[in-house]
Amino acid sequence: MIRKFVIACVLFLLTCGSGTVWAEDARNPACLQPEQTAPKAFSLSDGPTDQLRPLGAEYYLDPTGDAGPDRIVTEAFAPTACNGIFKAPLPGQSAWLRFALSNPHGKTHRWVIGLMETIFDEVTLFEERDAGLVEVGRTGRVVPWMDKDNTAIRTGIEVTMQPGDERVFYLRLAGTFAPTMTAVIMSADLFFGWSTLRLIMTALFLGYVATIALFSLILFRQIDVRFYQYYTLYILCLFVYSFIYDGWLSKFFGVTLPITTLAPITELFAGLSTLAIVQYCRILLNAHDDPWVWRHLFTLLSAVVVVVIGLAVVDPWRLSGPLHLIYFLSPLILLTVAIRKIITGLPQARPIACALLSLSLGLSIAVFAFMFPLNITGATHAYELVLLRPLSWGYYLAITGETLFMMLAISTMVRSMQSERHVAAVELASLGQQMQHIEQQHRAAEKTTTARLEALENALADDPETRQHLSAKQQFLDRVTECVLDSVKDQDFGVEKLASSLAISQKTLGRRLKEASGQSPASFIRSARLNFARNLILLDQYNTVAEIAHASGFSSVSNFAKHYRQEFGEIPSKTINLLRKNQ
């Protein structure tokens, strides 16, 4: 049910869009006048609210692009399109619009025949006179600066109409990238106000992109050079794309390259920006920690982007569809990965998801407006004309939202890394304190042992009999220790085998060990094994606690760990970790 509803909505939007302008015109008898020998005259009234109208003109598509003013007057033009939206010519073609203007008012009017689209190689206005068609205005991006009749950033040619004038014009258009073109007639004040506003908007956008690039350099240099490379490439592509598309290359540097040269370049930079955003999202979302499928999703997406870039560069008019599709779909795919990372608790995943969502929404508006431009209605202010072109502000919205949230994601990641470094520093300081405490304990034990030895030496020096008695005890302890260490790996070696090795009874062994060390035979054997195990740890002979336990004659690792902690005040794994960290 939901699927049917979505399909119905899409069909409704497509039906209501301007892509069906010819069908709408066919249903409107006031628009189509097949029997009319001359086009209906258009004009603007003197009222302050009548500043803009769609240009109802007859249309002719020249498939070869070489029809001149002399020949075009003999061609059959298609009926008027009331909404002013016409099919754009492909490279090598040209489109002609025939229309009439009249000034029934009592004063002179300055009107502009303008186009809502941004890129046109050449737009030439001819007036029909008795001697034929006479050129009255020329502009476009391949027209040298000194030959242009209009140096504004928007495409339009001014016409001055005297009171009572009624004149027929032919407008030739060539070299555009949009699938359709929208012709309007507007007051000169509205046109130049609109052009100035668009100039300010594009300048602010380029300045914003440059500022974001500067901030990204400052932030990314604190993290990883890979972030700096990919995000700088992304920002650079955005800057160059907008710089070329919005006409700054022609306006400020006098470059007169045709759209057949500029379109592949702009498509290349649009594709590279998509490739860059895939790569820095891969790094920002820690894709290297993901399972195989998710890691290779980025590889597959990057490969697809490279292929569609190649297609779009070869033929931007016929093969750029896959690039526009992947340009729109890639943020949605990356958004899926970001949502998955939000679930796993990645700190920067949430602002990245917001950035990709903002990019997707803005691009949705821009792509829909590019494919299905809005019908032009009346407008009295420049900002209304801007709102009538969602392609521009949708793109600006997409990039502005994406970069703002991405800066937030970067700062979140920087804070997270700084927090991790702080925690690591605290742990390192704590470890240093623990090591210092252990050293102090060892020094204290060493002092105590030294004092005891000195006291024992003094006692021996004062009493030869005691010295002889202690020497006999030490010799006995050495013999017992040697026997235990000789069989230390034998887990069955106990009191009975120790007594047998010394050729004495278990009772005698117990009595003599009690006198010499104050320990029972079983306790002495366990203590010897534990000291042997500690020596193995200090010598780094084995890798695991289990290996050390078995090498020391303990059959149970947990039993070994328990006695080791009782003997030395710490578990064996901690001794191993402290030793290896110090190394």
Side-chain angles (χ1 to χ4, degrees), residues 438-542 544-576 578-579:
I438 292 173
E439 289 181 4
Q440 291 175 352
Q441 289 181 335
H442 287 171
R443 289 173 184 171
E446 184 179 355
K447 290 180 180 180
T448 302
T449 303
T450 302
R452 289 178 179 177
L453 289 174
E454 290 177 353
L456 180 60
E457 289 176 356
N458 292 334
L460 291 174
D462 294 339
D463 188 356
E465 184 177 345
T466 302
R467 184 172 62 248
Q468 182 179 3
H469 180 67
L470 291 175
S471 177
K473 287 183 179 181
Q474 187 61 44
Q475 290 177 3
F476 177 72
L477 289 175
D478 290 342
R479 285 181 57 206
V480 174
T481 303
E482 184 178 357
C483 287
V484 173
L485 295 180
D486 287 343
S487 304
V488 71
K489 294 184 179 182
D490 184 2
Q491 297 179 1
D492 297 327
F493 186 83
V495 178
E496 182 180 354
K497 288 187 177 182
L498 178 59
S500 176
S501 299
L502 296 171
I504 57 177
S505 65
Q506 295 184 37
K507 184 178 180 179
T508 302
L509 175 62
R511 178 178 55 80
R512 295 188 64 181
L513 272 178
K514 191 71 174 176
E515 292 177 355
S517 66
Q519 295 177 293
S520 65
S523 178
F524 186 88
I525 293 173
R526 184 172 60 250
S527 180
R529 291 181 185 275
L530 291 171
N531 280 286
F532 180 78
R534 187 171 181 84
N535 289 333
L536 291 179
I537 294 175
L538 296 176
L539 294 174
D540 199 14
Q541 295 292 317
Y542 295 94
T544 65
V545 175
E547 292 176 348
I548 295 170
H550 295 151
S552 305
F554 289 91
S555 58
S556 171
V557 178
S558 60
N559 191 38
F560 164 69
K562 172 186 173 183
H563 290 296
Y564 187 94
R565 183 175 57 189
Q566 292 174 351
E567 182 77 13
F568 302 109
E570 62 185 11
I571 59 176
S573 60
K574 184 175 181 180
T575 305
I576 295 173
L578 289 175
L579 177 67

Atom pair [atom1]/[atom2] of [X] and [Y] - distance to nearest 0.5 Å:
X: H563; Y: S523; atom1: NE2; atom2: OG; answer: 9.5 Å
X: S552; Y: K489; atom1: OG; atom2: NZ; answer: 9.5 Å
X: I525; Y: L485; atom1: CD1; atom2: CG; answer: 11.0 Å
X: R534; Y: E570; atom1: CZ; atom2: CD; answer: 5.5 Å
X: Y564; Y: N531; atom1: OH; atom2: CG; answer: 9.5 Å

Could you report the tightest heavy-atom contact between [X] and [Y], atom names first, then the distance?
X: F532; Y: A551; answer: CE2-O, 3.6 Å
X: H550; Y: S555; answer: NE2-O, 4.1 Å
X: V545; Y: P572; answer: CG1-CG, 3.8 Å

Test side chain to side chain contact (heavy atoms under 4.5 Å, CB included) applied to [X] - qualifying residues, sequence neighbours left out:
X: R512; answer: F476, T508
X: E496; answer: Q506
X: E547; answer: Y542, N543, T544
X: R565; answer: I571

Which residues pass the ring pair (Phe, Tyr, Trp, His ring centres under 6.0 Å) test with F493, not counting sequence neighbours?
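Result, ring pair (Phe, Tyr, Trp, His ring centres under 6.0 Å) vs F493: none returned.
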
State which residues pass ring pair (Phe, Tyr, Trp, His ring centres under 6.0 Å) with F524; sequence neighbours excluded, sorted by chain then number.
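F524 satisfies ring pair (Phe, Tyr, Trp, His ring centres under 6.0 Å) with no residue once adjacent residues are dropped.
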
Using a 4.5 Å cut-off on heavy atoms from C-beta on, say whether the side chain of L530 contacts that of F554.
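Sidechains of L530 and F554: in contact.
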
